[in-house]
Amino acid sequence: MFTANLLLSSLFLASSVAALSPLLDPWHARPHIPYVDEPDDSVSVFHVSTHQLISSYKETFYFDQLIDHNNPKLGTFKQRYWHNYEFYEPGGTIVLSTPGEVNAEHFSSYLTNSTINGMIAQATDGATIIIEHRFFGESNPYPDLSVESLRVHTIQQAIDDLEYFAKNVKLPMPGGDEVTPDKALWILIGGSYPGALVSYVMQNKPGLFFAGYSSSGVVQAIGHFWGYFEPIREWMPKNCSSDVEAVIKYIDETFDSGNATAIHDMKAIFGLEDIVHQDDFGAAMKLVLNYWQGGNINQESVGFYGFCDALEVDKGKSAPASGWGLDHALKAWGAYWKNSFYTSACGNATAEDCFGTHDPNSSSWNNTELSDSRSWKWMTCNEFGFFPVGASEGYPTIVSRHLTPEHSERGCQYDFPGAFTGLKKSSLLNALKVNVAYGGWNITTERLIFANGERDPWREATVAANGASFPKMDLQPHLLSDGFHCSDMLASEGSSKAVKAVQDAAVGYMAKWYADWKKKQSA
Ligand SMILES: *[C@@H]1O[C@H](CO)[C@@H](O)[C@H](O)[C@H]1NC(C)=O
Ligand SMILES: *[C@@H]1O[C@H](CO)[C@@H](O)[C@H](O)[C@H]1NC(C)=O
Ligand SMILES: *[C@@H]1O[C@H](CO)[C@@H](O)[C@H](O)[C@H]1NC(C)=O
Ligand SMILES: *[C@@H]1O[C@H](CO)[C@@H](O)[C@H](O)[C@H]1NC(C)=O
Ligand SMILES: *[C@@H]1O[C@H](CO)[C@@H](O)[C@H](O)[C@H]1NC(C)=O
Ligand SMILES: *[C@@H]1O[C@H](CO)[C@@H](O)[C@H](O)[C@H]1NC(C)=O
Ligand SMILES: *[C@@H]1O[C@H](CO)[C@@H](O)[C@H](O)[C@H]1NC(C)=O
């Protein structure tokens, strides 16, 4: 039911790029919440109890948001939002959510009960709102993404946006000018980066939101993020991980040998002999793993399993858990690249044009036109990190250890001239600052629900990370399913019993907290 292929379409839209385009680098293809079928434009929405015809899901509203919360004199920009009050009853909740690092206009299903947002609203007499995050879609403080404009593109400004919106919006519904957080209960929901934002807002603005739901919330910023590949390695078919590990080990040993002939021959197996630099080659080999994130409960990633089939199925037979071994895996992976993957990824560009990141003079850098992927890239360069790298020495790896943090850090420096010099170069330090400011894994806030999926590649940045020692409290439930990225936000993913249990528990907590509060009011 949902187009899990967003990531893949981003991946494959790119062709004929001058250097590694942000679209081609799926790291910067944004890890946001999944789309689901949007409600039909022509559908009339009726209020559940009054049966009156109310606004369409698609009507766009505009809020005058401060450009800079540290300097209100700079004025305002138009921030888009969408709203629905079919479940709202006076005294009910206001359920706010941003899809984050993406144009928000295709997320109106997050106003309805086909998502957790609407389910929670339905259980708490709530109205739903989707707000577009600053610097994405059409909610732009400035007409470009120059380094100067991006100065006001920070996590803190995004947090302050949500506060300013909640305190000042006049919602387009009966009584909508009487529901600010001093008068009504606000609930904040988000998945992925916006899931982290839920946690950050509740820590940074205590008492503003009554409750929060953080799905796959990447609360812990991590500079060098090889943990992204751990859930993939753990959950992919065993034969496929065995063979991928063997090929990557061979690639790394060949690079380490320094034997130029052997290195050339190894790259040529994949048709990538003209990639000059080892980290660019490592990034190219990693690309296919990004298919994993497109998976979901109802449809495991077709792209990812297609890749494993190409490696593991030979003359109609599939390999045992130990895989076919290096020789076959190299040949099969090489053919996979040459037969189809290369064209999908690079179109007719040369491999060096497609994957090279070492030319500071490439015309692809510093393109300051508005673009969601550049805007998200700024957030990773400036604060989050989450840069893809091979696993640390001593751990098994499905990504070349020659893919080092410099690969992404260099991209930051070339793409945003002057912004990332000195200490700002360090993704480790940038991430540390985020964690110190907003608590990372250590967050302790009441009525904040964390929901995670074991198969989510972002799992290691969430409170469900292996070995994360986070504080547990009665009023801060940690829910876990076998889901993928943000699975628990979608009613359709409730076809997994575990996902359904997470959703039922979350809705149950919200309904109880709401009922307890109402009881206290009337006492
Ligand atoms: C959504 O609400 C309708 C009633 O308005 C109900 O029939 C349906 O079961 C609800 N769906 C979910 C997933 O809760
Ligand atoms: C081997 O690979 C095939 C094809 O991807 C897969 O269907 C099967 O489950 C794998 N078997 C094992 C034991 O990993
Ligand atoms: C370098 O690699 C080539 C091709 O694999 C091989 O023939 C040659 O012996 C190697 N040279 C050394 C010094 O190992
Ligand atoms: C590469 O493909 C693009 C369209 O995808 C086309 O416009 C361009 O002419 C092609 N270039 C070459 C050299 O074939
Ligand atoms: C980039 O351009 C500058 C100025 O034209 C030149 O000095 C420099 O050598 C170029 N760098 C590379 C890596 O081509
Ligand atoms: C980056 O692009 C902006 C806008 O086009 C331009 O003003 C600026 O000079 C560029 N910076 C560099 C270092 O090329
Ligand atoms: C989280 O708590 C641990 C253990 O008390 C501490 O070592 C760590 O510095 C804390 N992290 C942050 C970001 O506050």
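Start at 1 and go down the list; that is how both ligands and their atoms are numbered.
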* Structure fact -> Lining ligand 5 at under 4.0 Å, by non-hydrogen atom distance, are residues Pro360, Asn361
* Structure fact -> Across all chains, not counting sequence neighbours, the side-chain hydrogen bond (donor to acceptor under 3.5 Å, both in side chains) partners of Lys170 are none
* What atoms in ligand 6 come closer than 4.0 Å to a heavy atom of Asn366? -> 1 (C), 2 (O), 3 (C), 8 (C), 10 (C), 11 (N), 12 (C), 14 (O)
* Atoms of ligand 6, numbered as shown, that sit under 4.0 Å from any heavy atom of Pro417 -> 11 (N), 12 (C), 13 (C)
Indicate yes or no: at least one non-hydrogen side-chain atom of [X] is less than 4.5 angstrom from one of [Y].
X      : Y      : value
Leu475 : Tyr509 : no
Asp415 : Arg374 : yes
Tyr213 : Ile187 : no

* To do: Please list, chain by chain and in numerical order, all residues satisfying ring-ring contact (aromatic ring centres under 6.0 Å, His included) with Phe255, sequence neighbours excluded.
  => Phe281, His402
* Would you mind running through ligand 1 and noting each atom that sits below 4.0 Å from a heavy atom of Asn113? => 1 (C), 2 (O), 3 (C), 8 (C), 10 (C), 11 (N), 12 (C), 13 (C), 14 (O)
* If we ignore angles and hydrogens, is there a donor and acceptor under 3.5 Å between the side chains of Thr404 and Asp279? -> no
* To do: Could you pull out all residues at least two apart from Arg447 that satisfy salt bridge (charged side-chain N to carboxylate O under 4.0 Å, His left out)?
  => none
* To do: Work out whether the distance between some heavy atom of Gln122 and some atom of ligand 1 is less than 4.0 Å.
  => yes
* Between Phe484 and Trp292, does the ring centre distance come in under 6.0 Å? -> yes
